[in-house]
Amino acid sequence: MSADPDIVLRGGRVIDPESGLDAVQDVAVTGGQVTEIRDALPRSQADLNVAGLVVTAGFVDLHSHVNDIAGFSLQALDGVTTALELEAGVSPVQAAYQSAAAEGRPVNYGFATSWALARMEATAGVGLDGRLATFLANLGREAWQRPATPGQITAMLARLSADLADGALGIGVLVGYAPGTDPGEYLQVAGLAAEAGVPTFTHARDLVELAPRTLIDGAEEIVRAAGETGAQMHYCHVNSTSQRHIDRVLRLVSRAQAAGTRVTTEAYPYGSGMTGIGAAFLAPERLGERGLTPSSLTYAPTGERVGSEARLRELRQADPGGLVIIELLDENDPSDRELLMRSLTFPGAIVASDAMPLTWTGTAPDPLAWPLPGTAITHPRTAGTFSRALRLLTRDGGPLGLAEALSKCSLRPARLLQDRVPALRRKGRLQAGRDADIVVLDPATISDQASYLKSTRPSTGIQHVMVNGTFVVRDGNLVAGARPGRPIRAAPR
Ligand SMILES: [Zn+2]
């Protein structure tokens with residue numbers, strides 16, 4: 001070994017989901033990289049005793065809408081070392097990378113380009129600024145949800161291409177929010193992704209069981225695009241858009257995979273979703289399609305359970321981007337819980353959070369205040385997805401072994417992106433020569449603590465988290481001011 005290590009994680013159970021290593025070893029970290037993993041490294045000043053704990057690769061979240069330090073801090077406390085905005089995406093990505101770099105990030109970050117924002121620009125003249133807030137502010141407008149003209153589609157594709165040239169990690173396609181979109185347009189977007197060699201990340205259109213008048217079944221559309229264009233199609237949060245049709249959707253995906261098309265899935269372990277209250281599928285006259293009523297919705301900024309159709313109309317009008325929690329599956333119902341588990345245990349399924357930006361009741365405090373004041377509200381998945389998934393999958397007789405469950409959180413998401421994104425080849429595994437994105441956790445106690453009422457309570461059982469060799473969580477506590485996160489971009493071609 002050349003230089004003295006910056007730190008040696010000593011005596012932990014080291015699990016690398018790629019090589020299959022699962023043994024008590026020491027891990028040396030030098031200059032932001034893992035430099036050595038073996039038994040009995042020489043003792044030094046740099047030792048940190050992690051005996052009795054698991055040392056593994058940090059989690060790579062493919063689906064994080066978080067855009068502030070507080071939100072990323074909650075994710076770091078859940079074991080996340082890379083948080084990527086891929087489903088909604090942003091545009092222009094250049095602006096998003098610049099503002100993230102200017103502010104600094106505790107975890108690594110990156111962006112897909114956004115079909116929805118490109119569509120808003122082309123069909124409704126919305127000005128783009130690289131922020132998700134611009135999507136939320138406009139999601140309720142009819143103008144961008146209608147069929148587009150060929151000229152508008154050309155403009156959208158040009159915008160997406162420009163972002164891909166600027167290093168966007170893929171194309172986020174929120175087609176479920178614009179039900180008037182022609183299925184042919186979706187195929188054109190998938191075709192562009194295939195040409196560029198990047199994945200797409202889709203929030204599926206309505207399933208035919210839920211909305212018989214949909215232009216095409218949401219699951220069939222994703223699978224068809226994979227078959228027709230050869231693009232890598234990632235099916236976002238299959239748990240929430242499939243509701244009680246998860247088995248049908250997973251059978252379809254399974255057949256498509258067996259036939260050689262590139263379709264992947266992700267899920268988060270909660271029965272409720274969260275989105276802007278102005279979303280097309282939350283229109284009062286459409287709630288019944290999903291078996292919902294206005295009272296299935298809780299408006300996050302006030303904690304108000306929406307009391308009536310009239311009140312829902314009022315809120316959609318006044319604050320279309322206001323976040324709302326939607327009860328989709330009943331976590332207290334054993335058969336619904338089983339459905340959720342099947343979306344997580346599906347072979348190859350990735351754990352991804354769909355973490356949401358924080359909403360503040362009353363005036364927003366100092367954005368760096370920590371611990372978070374009680375006036376911060378989000379979906380509990382923001383703070384708890386990975387710990388909860390590991391608890392459900394591996395503790396108390398859970399169905400998976402630890403290495404397999406961890407691979408859903410780190411290796412599989414890294415592999416999904418790594419063809420075009422060299423940085424991801426160095427993440428998602430714990431091996432000498434890879435980036436020191438490391439989580440040290442207690443497999444016996446790991447658990448989510450956030451609930452719908454206390455949505456920002458950090459997870460427990462995550463002891464240390466390193467990003468590029470720098471601690472962002474140490475001894476279970478956030479390291480204030482640590483900003484070792486780096487931008488992750490696709491390689492030019
Ligand atoms: Zn979504």
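Numbers here simply count residues along the sequence, with the first being 1. Note that ligands are numbered from 1 as they come in the structure, with each ligand's atoms numbered from 1 the same way.
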(message) Do Arg486 and Tyr109 form a cation-pi contact, if we require the NZ or CZ to be under 6.0 Å from the six-membered ring centre and within 45 degrees of the ring's axis?
(response) no
(message) Looking only at N, O or S atoms, which one in Glu87 sits nearest to the Zn ion (ligand 1)?
(response) OE2
(message) Taking N, O or S atoms only and a limit of 2.8 Å, check whether His63 reaches the Zn ion (ligand 1).
(response) no
(request) Check all N, O or S atoms of His203 and name the one closest to the Zn ion (ligand 1). (result) ND1
(message) Students often mix this up, so state it plainly: with edges at 30° and 60°, are the rings of His203 and Phe281 parallel, tilted or perpendicular?
(response) parallel
(message) Does Glu285, at its CD atom, have more than 12 non-hydrogen atoms belonging to other residues, nucleotides or ligands within less than 6.0 Å?
(response) yes
(message) Using ring centroids (six-membered ring only for Trp), state whether Phe201 and His63 fall under 6.0 Å.
(response) no
